[in-house]
Protein chains: 2
Amino acid sequence: MERPALPLGSPPTGRADAVRNRKHLLATAREMLAEQCGADGLTMDGLAERAGLGKGTVFRRFGTRAGIFQALLEDDEHAFQEQVLAGPAPLGPGAPALDRLIAYGRARVAFMIRNRDIARASLDGRQPIPAGTESPLSRAHIRMLLAQMPLDGADLEMLAIQLTAALDGPLLLYLSASDFTEPTGIEERIGLAWQDLVRRLCGT
Amino acid sequence: MERPALPLGSPPTGRADAVRNRKHLLATAREMLAEQCGADGLTMDGLAERAGLGKGTVFRRFGTRAGIFQALLEDDEHAFQEQVLAGPAPLGPGAPALDRLIAYGRARVAFMIRNRDIARASLDGRQPIPAGTESPLSRAHIRMLLAQMPLDGADLEMLAIQLTAALDGPLLLYLSASDFTEPTGIEERIGLAWQDLVRRLCGT
DNA sequence: AGGTTAATCGGGGTAAAGTCCGTTTAGCCT
DNA sequence: AGGCTAAACGGACTTTACCCCGATTAACCT
């Protein structure tokens with residue numbers, strides 16, 4: 001195993017040029033996504049050429065095509081998590097756990113909708129362990145909030161996984177593109193459904 | 001658009017040789033999966049050659065590599081749904097909706113664990129509309145059961161999507177391969193968590 | 001049966017993903 | 001500063017998904 005221990009995590013560590021190139025590649029990828037309006041137009045050759053780097057570098061950095069989108073998503077997610085960890089209540093700390101959980105779900109739904117193209121493109125059926133999408137941060141946060149709530153006898157770890165899936169799944173797997181062009185505010189609808197789901201879980 | 005209206009659905013319709021070849025390709029794919037112990041070893045060229053057919057045929061039938069796995073999954077799912085629609089209670093009809101919902105979840109978890117490799121391989125970040133995995137049958141069934149339960153004021157459609165995600169998501173996205181090699185009975189654990197989740201939803 | 005047609009088949013061609021290894025260079029040690 | 005080494009770079013190479021279109025054939029009609 002020569003692959004780095006944290007192949008795709010949040011590795012702003014290592015040699016200076018590696019870190020620089022990684023950032024440069026992510027920035028270039030965002031440019032290309034913005035210009036070409038779609039993830040399909042992003043090829044590894046194209047990215048390497050536009051970034052002025054070799055193809056080997058791109059693959060060593062991200063491992064796979066989906067890896068680029070996973071890295072982009074994690075990048076965005078990092079900024080998002082700042083809001084959650086240190087932002088104003090009820091999303092940030094200072095509110096009751098139930099309120100925070102509801103606020104978190106709504107915020108995450110908005111986040112997923114905003115980044116749904118990248119999120120979808122980050123799915124890769126060939127990777128045995130589904131990275132990126134996994135959002136360990138999301139899961140851990142939900143887990144932490146659940147622990148503060150009166151849920152006697154529940155398997156909190158598994159419940160956190162289920163709720164994470166209930167948040168991300170609709171956007172990743174079950175809602176088609178057409179659902180977002182309809183006039184109805186889909187974001188509000190999913191947000192309400194989340195709120196309702198969580199409230200019912202706590203017995204109102 | 002020359003693509004057939006039901007490109008990947010359950011199309012045992014059309015010309016006789018097309019239907020025959022489709023079945024033959026699916027069977028050959030299963031053989032290769034069984035022998036090579038893994039979805040990665042299945043290539044389109046290899047499948048075509050082993051089946052004694054042209055590569056073009058494979059692609060016309062399944063559209064994409066992921067399409068093969070989606071077709072395999074739908075095939076298995078068909079047999080599974082028979083149990084649900086006409087099998088013995090509580091999975092089949094005849095039991096209270098809550099019991100059926102719990103039984104369905106447990107059965108689906110078992111199904112997803114059994115087929116997790118194929119299910120994972122059916123994910124494809126390039127398809128704008130996530131087919132196959134979508135399991136409209138699963139969603140519709142859950143939706144139907146929810147309608148029989150005392151859930152006043154809920155958005156049943158969205159709740160069904162969330163619960164479908166809570167069932168499929170863990171296996172598709174959030175549980176890594178290592179979770180299944182551990183001694184702990186993961187299937188039972190997920191099944192219990194599902195039961196608990198649904199019970200809480202109904203207020204005990 | 002024979003002819004017509006529209007769909008399927010076949011396999012060579014293209015482009016993009018992913019690999020390899022010789023070359024270069026950042027970071028460190030003296 | 002100068003050298004050492006492990007890591008990163010680059011781009012040619014291989015593999016594979018996916019496309020195209022002429023050849024073939026099943027289904028239907030008379």
Side-chain angles (χ1 to χ4, degrees), chain A residues 1-8 11-25 28-29 32 36 38-71 121-128 131, chain B residues 1-8 11-25 28-29 32 36 38-71 121-128 131:
Chain A
M1 248 319 168
E2 296 84 358
R3 288 273 174 213
L6 299 174
L8 308 170
T13 180
R15 242 169 72 167
D17 52 353
V19 177
R20 184 173 3 103
N21 282 340
R22 179 192 162 87
K23 279 185 189 163
H24 182 217
L25 282 169
T28 306
M32 295 176 74
Q36 305 175 11
D40 287 337
L42 187 66
T43 76
M44 302 302 261
D45 291 303
L47 175 59
E49 184 179 16
R50 171 146 179 175
L53 295 170
K55 193 172 16 171
T57 304
V58 179
F59 275 93
R60 188 170 333 91
R61 222 75 328 231
F62 301 106
T64 182
R65 188 188 124 93
I68 289 183
F69 295 100
Q70 292 165 11
S122 77
L123 291 183
D124 179 7
R126 303 187 89 116
Q127 269 160 313
Chain B
M1 250 316 168
E2 297 84 357
R3 290 271 176 214
L6 299 173
L8 306 170
T13 181
R15 240 167 77 165
D17 53 351
V19 176
R20 183 172 7 103
N21 283 338
R22 179 193 163 86
K23 279 184 189 163
H24 182 218
L25 283 169
T28 306
M32 295 177 73
Q36 306 175 9
D40 286 338
L42 187 66
T43 76
M44 303 302 260
D45 291 356
L47 175 59
E49 184 179 16
R50 171 144 181 177
L53 293 171
K55 204 185 340 182
T57 304
V58 179
F59 276 95
R60 190 170 332 93
R61 219 86 316 245
F62 301 107
T64 182
R65 190 187 123 94
I68 289 183
F69 296 100
Q70 291 165 13
S122 77
L123 291 183
D124 178 8
R126 302 186 93 115
Q127 269 160 315

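Residue numbers start from 1 in every chain, and the chains themselves are labelled A, B, ... in the order their sequence lines are given, proteins ahead of strands.
Between A:Met44 and A:Val58, the closest heavy-atom pair is CE-CG1, 3.8 Å. The minimum heavy-atom distance between B:Arg22 and B:Ala71, with the atom names listed, is NH2-CB, 4.0 Å. Across all non-hydrogen atoms, the minimal contact from A:Arg61 to A:Ala18 is NH1-CB, 3.2 Å. Pairing each heavy atom of B:Gln127 with each of B:Ala66, the nearest pair is OE1-CB, 4.2 Å. The minimum heavy-atom distance between A:Leu47 and A:Ala29, with the atom names listed, is CD1-N, 3.7 Å.
In this entry the distance linking CD of A:Glu49 with C1' of D:dC9 reads 17 Å, nearest Å. Rounded to an integer number of Å, the gap from CE of A:Met32 to P of C:dA16 is 11 Å. Distance, A:Asp40 CG to C:dA15 P: 17 Å, rounded to whole Å. The CG-C1' distance, from B:Asp124 to D:dC18, rounds to 12 Å in whole Å. The CG atom of B:Leu47 sits 14 Å away from the P atom of C:dG11 (whole-angstrom rounding). Between A:Phe62 atom CZ and C:dA17 atom P the separation is 14 Å, expressed in whole Å. Atom CD1 of A:Ile68 and atom C1' of C:dG18 are 12 Å apart (whole Å). The interatomic distance linking A:Arg60 (CZ) with C:dT19 (C1') rounds to 11 Å, in whole Å.
Closest to the side chain of A:Arg61, from the set D:dC9, C:dG10, D:dA17, is D:dC9. Here the side chain of A:Phe59 is nearest to one of C:dA17, C:dT8, D:dC9, namely C:dA17. When distances run from any side-chain atom of B:Lys55 to the nucleotides D:dG10, D:dT16, D:dC18, the shortest one goes to D:dC18. The A:Arg126 side chain lies nearest to D:dA17 when the options are D:dA17, D:dA8, C:dA17. Closest to the A:Asn21 side chain, of the nucleotides D:dC13, C:dT8, D:dC9, is D:dC9.
Comparing A:Ala66 and B:Leu53, the nucleotide of DNA chain C nearest to each residue sits closer to the 5' end for B:Leu53. Residue whose closest nucleotide on DNA chain D sits further toward the 5' end, between B:Gly56 and A:Thr57: A:Thr57.
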Next on the checklist: Strictly under 4.0 angstrom, non-hydrogen atoms only: write out the protein contact profile of nucleotides 25-30 of chain C, one letter per nucleotide from the 5' end, B, S or -.
Outcome noted: BSS---

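A donor-acceptor distance shorter than 3.5 angstrom exists from the side chain of B:Arg65 to the backbone of B:Leu42, with no hydrogens or angles considered.
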Checklist entry - What's the verdict on side chain to side chain contact (heavy atoms under 4.5 Å, CB included) for B:Ile68 and B:Leu25, showing C-alpha distance, side-chain angles and the deciding distance? => result CA-CA 9 Å; B:Ile68 289 183; B:Leu25 283 169; over 6 Å; no

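Put simply, A:Arg65 has no side-chain N or O that comes within less than 4.0 Å of OP1 or OP2 on C:dA16. One finds a side-chain N or O of B:Thr64 lying less than 4.0 angstrom from the OP1 or OP2 phosphate oxygen of D:dC18.
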